[in-house]
Amino acid sequence: MSKTITFNELRRLKDSLPDGATRQIADKLNVTPQTVRNYFGGCNYEFGKNQGVHIEPGPDGGIVVLDDTTIYDMAVEILEQSQKN
């Protein structure tokens, strides 16, 4: 299922994650940490892959369409758990 958000919302989520969350997500999905960083707006494709993120210019950093919300959902879950502790 796809999700549409702004680029700035995606970056705020990434910036709110606790230390080690990127690696935790990467380990669970058996991908490189750079692939997870690319999902959140990074662009190092030498060490990571594109994960179905499409960015179009627009307000609030642009519009982002996430083809697969697995990484997004995992990040939200990690953030919610870290805020409970």
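Quantities reported herein were computed from a predicted structural model and do not represent experimental measurements.
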Margin query: Once rounded to the nearest 0.5 Å, what's the spacing between atom CD1 of Ile25 and atom OG1 of Thr70?
Written below: 10.5 Å
Notebook entry, point to check: Which is it for Met74 and Leu29 under the side-chain contact (heavy atoms from CB on, under 4.5 Å) test, yes or no, and what are the steps along the way?
Noted result: CA-CA 10 Å; Met74 291 176 77; Leu29 297 177; 3.8 Å; yes
Notebook entry, point to check: Above 12 or not: heavy atoms from other molecules or residues under 6.0 Å from CG of Asp19?
Noted result: no
Next item on the list: Could you tell me which non-hydrogen atom of Ser2 sits nearest to which non-hydrogen atom of Val65, and how far apart they are?
Entry: CB-CG1, 4.5 Å
Notebook entry, point to check: Are any non-hydrogen side-chain atoms of Leu66 and Tyr39 less than 4.5 angstrom apart?
Noted result: yes
Checklist line | Qualifying residues under side chain to side chain donor-acceptor pair (under 3.5 Å), relative to Asp27, sequence neighbours excluded | finding: none
Using a 3.5 Å cut-off and no angle test, enumerate the donor-acceptor pairs between side-chain atoms of residues 3-14 and protein atoms at least two apart in sequence or in another chain.
residue, atom, partner, partner atom, Å
Thr6, OG1, Glu9, N, 3.1
Thr6, OG1, Glu9, OE1, 3.2
Thr6, OG1, Asp60, OD2, 3.1
Asn8, ND2, Asp60, O, 3.1
Asn8, ND2, Asp60, OD1, 2.7
Glu9, OE1, Thr6, N, 2.8
Arg11, NH1, Phe40, O, 2.9

Notebook entry, point to check: Nearest heavy-atom pair of Ala21 and Ile78: which atoms, and what distance?
Noted result: CB-CG2, 4.0 Å
Note to self: Taking the side chain as everything from C-beta on, heavy atoms only, tell me whether Asp73 gets closer than 4.5 Å to Glu77.
What the structure shows: no
Item checked: side chain to side chain contact (heavy atoms under 4.5 Å, CB included) partners for Ser16, two or more places apart -> Leu79
Item checked: side chain to side chain donor-acceptor pair (under 3.5 Å) partners of Ser82, counting only residues at least two apart -> none
Notebook entry, point to check: Quick check: does any side chain N or O of Thr32 sit under 3.5 Å from a backbone N or O of Thr35, one acting as donor and the other as acceptor?
Noted result: yes
